[in-house]
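Within every chain, numbering begins at 1; the chains are lettered A, B, ... in the order of the sequence lines, protein sequences first and strands thereafter. These numbers come from a predicted model, not from an experiment.
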2 protein chains.
Amino acid sequence: MAVKRRDIENRLREFEARCRERGVPLTVQRREVLEAVLKRDDHPTADQLYDSLKERIPGLSRTTVYRVLETLVNMGVIRRLHHPGTAARFDGKIHRHHHLVCKKCGKVIDIHDATWNEVPFPEVRKEEFEIEDFSVHFTGICAECRKKTSWKKKVD
Amino acid sequence: MAVKRRDIENRLREFEARCRERGVPLTVQRREVLEAVLKRDDHPTADQLYDSLKERIPGLSRTTVYRVLETLVNMGVIRRLHHPGTAARFDGKIHRHHHLVCKKCGKVIDIHDATWNEVPFPEVRKEEFEIEDFSVHFTGICAECRKKTSWKKKVD
DNA sequence: CTCCGTGCAAAAGGTTTGCACTGGT
DNA sequence: ACCAGTGCAAACCTTTTGCACGGAG
C-alpha cells in the first residue's frame with residue numbers, strides 16, 4: 001500500500017527540516033518530486049515522475065527530475081531500486097521491506113513479512129563487507145501473467 | 001568462487017543437449033558466450049563479455065552478444081542481474097545464492113549461506129503470486145570503499 | 001550578493017531494431 | 001534448402017554533462 005496521507009505530511013516536514021539543518025536549498029522541485037514519489041506505491045521511473053509533474057510545474061525539466069531524485073537518494077529520503085527493466089525505479093518506502101518480482105512482466109509488488117525482517121545478517125567477516133541492510137527479491141509469476149496462455153520470453 | 005572446470009564442461013554439455021532437444025541451433029557464438037560467462041565470477045556486463053570474446057571470435061558483433069545473452073537467460077542457463085550500475089550484469093551461477101552489494105562502488109559479491117537458503121517462502125496468497133525462488137541483496141560498504149575517506153556516491 | 005539549482009540542448013552510454021547475408025540442422 | 005542466427009549500422013531510450021540564467025539562503 002502507498003504511504004498514508006498523514007505519513008506523507010510527516011515525511012515532507014522531516015525532509016524540510018533536514019534541508020534546513022544541512023543548508024540544502026529547499027526548492028519547489030524537490031518538494032514536489034518527493035511528494036510525487038511518496039504518493040505512489042508502484043515504484044515509478046524518473047520519466048513517469050516527470051510526466052506526472054510537468055503539468056503542475058510548468059517548465060520542469062526532465063534533467064531536474066533526475067538530479068532531484070539523485071539528491072533525495074543521497075539524503076536517504078527515498079530509495080533507488082534495481083529491478084528488471086531498463087529504467088531505474090524509485091521507492092518512497094525506506095523501511096525494510098521486500099519485493100515480489102514477476103519474471104514475465106517485471107512488475108514489483110511490495111511485501112512485508114516479519115519473519116523475513118528478523119533473520120540475522122549472515123557472517124561475512126571474510127569478505128570484510130559491512131552489511132547495513134538487506135532486501136529480498138522473490139521471483140516468480142504474477143497473477144495476470146499466470147492467466148495468460150502465451151509464454152514467450154521464458155521457455156520451459 | 002567461479003564455477004569449476006568440471007562443472008563448466010557439464011554445463012556446456014547440458015546446454016548442448018537442451019539445444020538439441022528443443023531444436024535450438026547450436027552456434028559457436030552461443031557456446032562461447034556461455035563458456036565465457038561460466039568462467040567468470042564477477043558478474044560481467046554484455047560489453048565486458050564482448051571484449052573478452054572478440055579476439056577468439058573474429059567478426060563477433062556486440063549485438064550478437066546481447067542477443068545470445070537474452071537467449072541464454074530465456075533458456076534458464078544463466079541469470080540476468082539487476083543491481084546498481086547502468087549496465088545489466090550476467091551470472092552463470094543458477095543455484096540459489098545471495099549478493100553483497102556495495103552502496104558506494106556497486107560491486108557485487110556472491111555469498112552462500114545455508115540459513116538464508118532455507119527460510120521458507122512468505123505467505124503471499126493474497127497477491128496471487130507464485131514464488132519460484134528468491135535472492136537476498138545485502139547492502140552496505142565493501143572493504144575497499146570503507147578504506148577510502150571520501151564518501152560521496154557510487155561509481156564503478 | 002553569492003551560489004547552487006534549474007532548464008535547455010547536446011552528448012554519452014547501453015540496448016534494440018531493420019535488413020541482408022551466412023551458417024546450422 | 002530453409003529458416004534462424006549473425007553482423008553492421010542506425011535508431012532508441014535512459015541518464016549525464018556544459019553552460020547561462022534565476023531563485024534560495
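- Residue A:Q29 places at least one side-chain N or O closer than 4.0 Å to OP1 or OP2 of C:dG7.
- Note on the helix from C:dC1-D:dG25 to C:dT25-D:dA1: terminal axis deviation equals 40°, with five pairs used at each end and the result rounded to 10°.
- Note: CD (B:E21) to C1' (C:dT25) measures 16 Å, nearest angstrom.
- In this structure the side chain of A:Q29 never reaches within 4.5 angstrom of the side chain of A:R67, judged on heavy atoms.
- Put simply, CZ on B:R80 is 10 Å from C1' on C:dT15, counting in whole angstrom units.
- Using modelled atom types, one finds no donor on one side chain facing an acceptor on the other under 3.5 Å when comparing B:H137 with A:D133.
- Residue A:T71 places none of its side-chain N or O atoms closer than 4.0 Å to OP1 or OP2 of C:dG5.
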Which is it for B:H95 and B:H112 under the side-chain hydrogen bond (donor to acceptor under 3.5 Å, both in side chains) test, yes or no, and what are the steps along the way?
CA-CA 10 Å; B:H95 56 274; B:H112 298 81; 3.2 Å; yes
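- Note on A:V24: nothing from the nucleic acid sits closer than 4.0 angstrom, heavy atoms only.
- Side-chain to base pairing of A:T63 with C:dA9: one donor and one acceptor N or O lie within less than 3.5 Å of each other.
- Rounded to whole Å, the distance from CZ on B:R31 to C1' on D:dT6 is 19 Å.
- The phosphate of C:dG7 (OP1 or OP2) has a side-chain N or O of A:T64 nearer than 4.0 angstrom.
- Distances from the side chain of A:A87 to the nucleotides C:dG24, D:dT14, C:dT6 place D:dT14 closest.
- C:dG14 atom P lies 18 Å from atom CD of B:E70, rounded to whole Å.
- Between the CG atom of B:L60 and the P atom of D:dA9 there is a distance of 14 Å, given to the nearest Å.
- Note: CZ (B:R62) to P (D:dC8) measures 11 Å, nearest angstrom.
- Side-chain atoms of B:D113 and B:H98 include no donor-acceptor pair closer than 3.5 Å.
- Nearest-nucleotide mapping onto DNA chain C: of A:I57 and A:T86, the residue sitting toward the 5' end is A:I57.
- Between B:T45 and B:L26, the residue anchored closer to the 5' end of DNA chain C is B:T45, taking for each the nucleotide with the nearest heavy atom.
- Side chains of A:D110 and A:H43: a donor-acceptor N/O pair is present below 3.5 angstrom, by distance only.
- As a whole-Å value, the separation of B:D47 CG from C:dT15 P is 8 Å.
- The B:A46 side chain lies nearest to C:dT15 when the options are D:dA24, C:dT15, C:dG7.
- Note: NE2 (A:H82) to P (D:dT15) measures 11 Å, nearest angstrom.
- Contact annotation: side chain of A:R20 to base of D:dG25, donor-acceptor pair absent below 3.5 Å.
- Regarding contacts with the backbone of D:dG5, a side-chain N or O of B:R30 is found under 4.0 angstrom from either OP1 or OP2.
- With a 4.5 Å cut-off on side-chain heavy atoms, B:D91 and B:I78 do not count as touching.
- Contact between the side-chain N/O atoms of B:Y66 and the OP1/OP2 oxygens of C:dT16 is not found at any separation under 4.0 Å.
- Side-chain N/O atoms of B:R67 and base N/O atoms of D:dG7 include a donor-acceptor pair closer than 3.5 Å.
- A salt bridge is defined here as a Lys NZ or Arg NE, NH1 or NH2 lying under 4.0 Å from an Asp or Glu carboxylate O, and A:E35 with A:K39 meets this definition.
- Linking ILVMFWY side-chain heavy atoms closer than 4.5 Å, directly or via other members, places B:V136 and B:V119 in a single hydrophobic cluster.
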